[in-house]
Amino acid sequence: MQPVRRHPWRVGYEQAVAIQQRLRAQLRLEPPARPPETVAGLDVAYSRRTHTLYAAAVVWRIAEARVLEVRHAIVPCRFPYIPGLFSFREIPALVAVLERLASRPDALVCDGHGIAHPRRFGLAAHLGLLFDVPCVGVAKKRLWGIELALGPERGEVAPLLDPHTAAPVGALVRTRSGVKPVFVSPGHRFDFDAAVELVLRCAGRFRLPEPTRRAHQETVRLLRTHDPKRPAVRERRYPDYVERQPGAAANA
DNA sequence: GCGACAG
DNA sequence: ATCTTGTCGC
């Protein structure tokens with residue numbers, strides 16, 4: 001899978017904001033022509049110690065609830081975390097992992113917001129536009145918008161409204177009864193209803209949609225194998241404590 | 001000046 | 001997100 005637009009190597013703050021304002025005009029917020037059958041869940045883990053991003057993509061066939069493909073990418077981290085400019089931090093890793101996909105999924109599910117963003121250009125909007133692929137954002141916390149009341153049952157939905165215009169920017173979606181909702185917003189080539197529908201179709205037994213949840217697991221596994229943390233010092237020895245011998249009696 | 005602030 | 005120690009519940 002190849003991007004249709006290039007992302008610059010080095011980006012400063014003002015340039016990042018300018019890129020967002022230029023690209024957001026190109027977003028298409030209509031639903032995909034046909035309902036997605038395969039989606040790629042995406043996630044990134046960080047090593048603070050080595051300034052490295054560990055990205056994973058899990059391609060998922062919705063109808064069969066089955067993994068089709070898993071890819072990884074490891075890239076250096078070259079942009080700070082700034083709320084509102086989050087995509088510039090993770091996009092190099094996500095582009096790298098998507099370029100490794102053999103298949104072209106019908107849609108992407110990102111770990112972050114789409115247009116529920118102060119400039120209407122969150123990670124899912126940015127990434128969807130770079131590849132011109134349908135993309136939805138699923139975030140665990142709010143960045144932008146006013147939350148309307150949401151019922152407690154799985155499948156219930158409430159709007160997330162722009163603070164200035166009261167126009168919808170996304171939705172709160174209850175993916176599990178009695179569990180905190182997720183924040184769903186279209187990124188590119190999605191509208192609100194199709195985005196919510198896709199997230200619910202990908203929802204399994206957990207709060208996060210299954211493709212993203214599995215991508216997260218992959219990311220954690222990558223971090224653990226490539227950047228294992230070892231204790232700074234070995235735990236001290238305890239001279240008075242005697243290890244139980246295998247097969248020894250419990251006491252004398 | 002104060003609070004809010006995706007990952 | 002990462003770091004870090006413990007606690008609660010199936």
Side-chain angles (χ1 to χ4, degrees), chain A residues 11 13 16-17 19-20 24 41-57 72-97 108-129 135-147 160-164 169-173 175-188 190 195 199 205-209 211-213 215-233 235:
Chain A
V11 191
Y13 182 96
V17 173
I19 288 172
Q20 292 183 327
R24 72 174 169 184
L42 302 167
D43 191 35
V44 177
Y46 308 103
S47 168
R48 189 185 268 182
R49 192 174 63 75
T50 62
H51 307 289
T52 304
L53 303 181
Y54 296 84
H72 302 142
I74 302 176
V75 310
C77 188
R78 26 173 81 265
F79 200 93
Y81 171 63
I82 300 169
L85 296 180
F86 175 55
S87 65
F88 292 85
R89 182 167 171 83
E90 289 203 347
I91 256 184
L94 294 173
V95 168
V97 77
L108 310 179
V109 181
C110 285
D111 201 15
H113 294 282
I115 63 170
H117 177 279
R119 288 174 294 279
R120 290 283 214 285
F121 203 75
L123 172 64
H126 197 162
L127 191 65
L129 204 54
C135 186
V136 307
V138 179
K140 298 178 285 298
K141 292 190 297 194
R142 187 191 70 92
L143 169 66
W144 184 252
I146 296 169
E147 305 173 33
L160 185 65
L161 302 181
D162 185 278
H164 304 314
V169 296
L172 290 97
V173 177
T175 50
R176 285 195 69 187
S177 296
V179 171
K180 286 206 312 175
V182 293
F183 295 79
V184 176
S185 57
H188 181 52
F190 262 100
V199 168
R205 317 169 42 211
F206 303 95
R207 180 181 176 223
L208 291 181
T212 346
R213 193 183 70 86
H216 179 72
Q217 291 179 331
E218 287 297 323
T219 234
V220 170
R221 211 171 54 77
L222 263 187
L223 182 62
R224 209 178 49 221
T225 58
H226 284 77
D227 185 23
K229 337 223 169 303
R230 43 182 62 81
V233 294
E235 189 173 10

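Lettering of chains follows the sequences in order, A, B, ..., and the numbering in each one begins at 1.
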Sugar-phosphate means primed atoms, P, OP1 and OP2; the rest is base. With that split, encode nucleotides 2-7 of chain B 5' to 3' as B, S or - using protein heavy atoms under 4.0 Å.
-> --SBBB
Whether each nucleotide of nucleotides 5-10 of chain C has a protein heavy atom under 4.0 Å at its base (B), only at its sugar-phosphate (S) or at neither (-) is summarised, 5' to 3', as ------
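Checked against salt bridge (Lys or Arg N to Asp or Glu O under 4.0 Å), A/Arg24 has no partners two or more places apart in sequence or in another chain. The side-chain hydrogen bond (donor to acceptor under 3.5 Å, both in side chains) search around A/Gln20 returns A/Arg119, not counting sequence neighbours.
Contact record, A/Ala96 with A/Ala73: CB-CB, 3.8 Å, taken as the closest heavy-atom pair.
With values rounded to the nearest 0.5 angstrom, A/Thr219 atom OG1 is found 9.0 Å from A/Asp111 atom CG. Within the model, atoms SG of A/Cys135 and CG of A/Leu94 stand 9.0 Å from one another, a figure rounded to the nearest 0.5 Å. Once rounded to the nearest 0.5 Å, the distance linking CH2 of A/Trp144 with CD1 of A/Ile115 reads 13.0 Å.
Distance, A/Arg224 CZ to C/dA1 C1': 17 Å, rounded to whole Å. Between A/Lys229 atom NZ and C/dA1 atom P the separation is 13 Å, expressed in whole Å.
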Determine which bases of DNA chain B form Watson-Crick or G-U wobble pairs with both distances under 3.5 Å, and write the result as a 5' to 3' dot-bracket string with | for other-strand partners.
-> .......
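Ring orientation note: the planes of A/His113 and A/Phe183 are nearly perpendicular, at an angle over 60° on the 30°/60° scale.
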I'd like a table of donor-acceptor pairs (distance under 3.5 Å, sequence neighbours excluded) in which one partner is a side-chain atom from residues 77-90 of chain A, with atom names and distances.
{"residue": "A/Ser87", "atom": "OG", "partner": "A/His126", "partner atom": "ND1", "Å": "2.8"}
{"residue": "A/Arg89", "atom": "NH1", "partner": "A/Phe79", "partner atom": "O", "Å": "2.7"}
{"residue": "A/Glu90", "atom": "OE2", "partner": "A/Tyr46", "partner atom": "OH", "Å": "2.7"}

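A/Arg207 contributes a side-chain N or O that, together with a main-chain N or O of A/Lys140, makes up a donor-acceptor pair within less than 3.5 Å.
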Does the side chain to side chain contact (heavy atoms under 4.5 Å, CB included) test come out yes or no for A/Val11 and A/Ile19, once each step is laid out?
-> CA-CA 9 Å; A/Val11 191; A/Ile19 288 172; 4.2 Å; yes
